[in-house]
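Labels below follow one simple rule: chain letters A, B, ... track the order of the sequence lines, proteins then strands, and each chain is numbered from 1. Just so we're clear, the structure is a prediction, and the values are computed from it rather than from any experiment.
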Amino acid sequence: MREDELFDIEMRLLLDGVRLVYGHDFTEYAEASIRRRVTQWLSSSKFATLSEAQAQVLRDPEVFDSLLRGITVNVSEMFRDPHFFKVFRQQVIPYLKTWPFVKIWLAGCATGEEAYSLAILLEEEGLAERCRIYATDLNGAVLETARKGIYHLRDMQRYTRNYLASGGRASFSDYYSALYDHAIMASRLAERMVFAAHSLATDAGFGEMHVVFCRNVLIYFKPSLKERVLRLFNGCILSGGFLCLGVKETIDGRDVACQYDELAPNIRIYRKRYEAPEKKTVR
Amino acid sequence: MKRPKKKRSVKAVVIGVSTGGVEALRTVLMALPASFPLPVMVVAHIAPESGSGLARLLDDLCSIRVKEADEFETAVPGTVYLAPANYHLQVEAGGVLTLSVDAPVSYARPSADVLFETAAAAYGDELAGVILTGAGGDGARGLEKVRRMGGIVVVQHPDDAECSSMPLQSLMLVRPDYVVPLKDVASLLIELAGTSAHHEKECTYAE
Ligand SMILES: C[S@@+](CC[C@H](N)C(=O)[O-])C[C@H]1O[C@@H](n2cnc3c(N)ncnc32)[C@H](O)[C@@H]1O
């Protein structure tokens, strides 16, 4: 058997084992990306083959932890896709202002850059007091980074550009203090954030939400898992609420699509319709 | 530097290009017919701001259809798929295209290495990998994987490239099947694609 075929079989066995032992389900992730990540993790580990790694992964939670960190893609940035944030500011914020309290769920928040971006935007719009951000991720280690809100100073130049392009009103440097090569986000921004470990593949919903962000997470899921996750979100989002996806993700062709309107073309902000008054069927 | 032509079917083409990419892609893609019988996946390093502009520009100029790749779309013949800015483009089994925001590979996102490696896993020896002009070394490792899986390796002649670095890096790592000037790339691809059609015909007759 060819080496790559063998590797694929080993990977399937490993992911099945991980699901059975730890309850983390990666079996419905698109293969190309996860194969690359697992390959990388293996070459940085002390194991020669996945079969060899399997025994340790399944028996030693610490080894599993390193695998988990290795295979989740936690890349993020502040105000990623500035145009998205601009449209959010212009077209979603006015609706949020009409609600007395706004609950926002960031699913797959990674290291928290998106949560801080949103907190900045909400503060500038005078909504900070009224909003709560629930930021969740499968990978507990990245939540720790998100909680701390400490990033590389070298990235701030790029984030400042993004911030300005997204319609930011102040000076981005007002939101962090520099210390050596770190940028420490202003602690008030995190005051209304709640961080929690949550898996979209296996956990239940998260209560009623006005807005759900899930950007650049669904691209890693096979259609079957994507369908499940969108149904999960749909169960949480209130009528008139919003679902925000990454710029290359859509709900087109998915079951829930008929309940949403896209706010602007190719921005991937969807608004949930108010249900038509249900006809009572009398039997 | 030509090696004897291989009698083998080709099911897909992947192209990696960087500096000088717009011109190079114009030259190659404008010379492909709308009926080109294979899907073509392309990683071009372009500024993130340019968005899907390049796909639209090329689509207007070329007779073959050019579009930006969408998540989970199945690659079909006669279509060129460009990796979106800021996303890696990957090929899954069965020619399904997926996107990822994994960290840059070889300093690039999209990265030709990622495209080539995943496409080689998906198409095995039925893939042709093409490296054109560009700075840096993205694509060389991917091309090596194409070769290892038995696919066909095509590199633009470094003397002919606006920027010779990518072709040179590839040639340092991989023994090519073809080293050609830009103007001959399209006709080579048509020939390789034709070989596959011809090959299929032979099989049908044999049955
Ligand atoms: C590429 S990051 C996206 C970060 C951010 N939303 C953005 O767009 O910049 C994807 C995140 O999704 C998380 N993730 C992957 N699978 C998950 C799952 N089943 N449940 C929850 N989070 C998941 C990963 O741990 C990772 O942090």
Side-chain angles (χ1 to χ4, degrees), chain A residues 2-5 7-8 11-12 28-40 70-77 80-84 108 110-111 113-114 158 161-162 165 215-227 245-254 265-268, chain B residues 14 41 47-53 55-56 67-75 81-106 109-111 113-125 141-142 145-146 148-151:
Chain A
R2 279 198 340 236
E3 182 57 34
D4 58 310
E5 289 169 332
F7 185 89
D8 277 4
M11 187 170 87
R12 251 169 73 183
E28 285 184 84
Y29 282 48
E31 269 121 25
S33 177
I34 200 155
R35 190 188 295 119
R36 282 191 55 243
R37 310 284 301 174
V38 172
T39 306
Q40 262 169 33
I71 60 182
T72 55
V73 179
N74 309 117
V75 182
S76 190
E77 60 186 82
R80 172 187 232 152
D81 310 312
H83 192 53
F84 162 85
T111 36
E113 287 85 341
E114 203 172 38
R158 186 159 50 98
R161 274 202 306 275
N162 284 358
R215 307 181 64 226
N216 301 306
V217 181
L218 299 181
I219 37 171
Y220 292 99
F221 297 173
K222 286 185 182 166
S224 50
L225 180 55
K226 191 184 295 178
E227 193 76 69
L245 304 180
V247 292
K248 292 305 290 179
E249 297 162 321
T250 84
I251 61 172
D252 294 355
R254 304 267 86 89
N266 296 318
I267 298 293
R268 315 307 182 199
Chain B
V14 286
M41 278 69 80
E49 304 82 48
S50 53
S52 50
R56 243 172 288 136
K67 71 183 293 286
E68 205 175 86
D70 287 321
E71 51 155 6
F72 274 94
E73 93 179 291
T74 303
Y81 301 88
L82 292 193
N86 250 330
Y87 287 83
H88 290 301
L89 173 61
Q90 309 167 143
V91 186
E92 311 275 338
V96 173
L97 304 180
T98 54
L99 305 173
S100 98
V101 291
D102 288 30
V105 172
S106 309
R109 188 176 67 198
S111 151
D113 280 337
V114 173
L115 172 64
F116 283 31
E117 281 173 21
T118 56
Y123 291 106
D125 63 359
R141 278 188 27 215
K145 169 97 186 232
V146 173
R148 206 159 1 121
M149 298 296 287

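At a 4.5 Å heavy-atom cutoff, A/S76 makes no contact with chain B through either its backbone or its side chain. B/A93 does not touch chain A: none of its heavy atoms, backbone or side chain, sits under 4.5 Å away. Only the backbone of A/F221 comes within contact range of chain B, with heavy atoms under 4.5 Å apart. Both the backbone and the side chain of B/S100 come within less than 4.5 Å of a heavy atom in chain A. At a 4.5 Å heavy-atom cutoff, the contact between B/V105 and chain A is made by side-chain atoms alone. Contact annotation for A/E249: both backbone and side-chain heavy atoms come within less than 4.5 Å of a heavy atom of chain B. Heavy atoms of A/Q40 lying under 4.5 Å from chain B are absent altogether.
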- Using the side-chain contact (heavy atoms from CB on, under 4.5 Å) rule, take B/R148 and A/D4 through it: C-alpha gap first, then chi angles, then the decisive distance, then the call. CA-CA 11 Å; B/R148 206 159 1 121; A/D4 58 310; over 6 Å; no

- Query: Between A/R37 and B/D102, does a side-chain contact (heavy atoms from CB on, under 4.5 Å) hold up when you go through it step by step?
  - Reply: CA-CA 9 Å; A/R37 310 284 301 174; B/D102 288 30; 3.3 Å; yes

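Of the possible polar contacts, one joining the B/E71 side chain to the A/T250 backbone as a donor-acceptor pair under 3.5 Å is found.
Of all the heavy atoms in A/V247 and B/Y87, the pair that sits closest is CG2-OH, 3.5 Å. Here the closest non-hydrogen pair linking B/P84 and A/K248 is CG-CE, 3.6 Å. The heavy-atom pair separating A/A32 from B/V91 by the smallest distance is CB-O, 3.9 Å.
The residue among B/D70, B/T98, B/V96, B/L99 with the most heavy atom pairs within less than 4.5 Å of chain A is B/L99.
No side-chain heavy atom of B/E92 sits under 4.5 Å from any side-chain heavy atom of A/K222.
Surrounding CZ of A/R12 are at most 12 heavy atoms belonging to other residues, nucleotides or ligands under 6.0 Å away.
Atom-to-atom distance recorded for A/R35:CZ and B/Q90:CD is 9.5 Å, nearest 0.5 angstrom.
Under the salt bridge (Lys or Arg N to Asp or Glu O under 4.0 Å) criterion, A/R80 pairs with no residue at all, not counting sequence neighbours. Considering only residues two or more places apart in sequence or on other chains, A/E227 meets the salt bridge (Lys or Arg N to Asp or Glu O under 4.0 Å) condition with A/R254.
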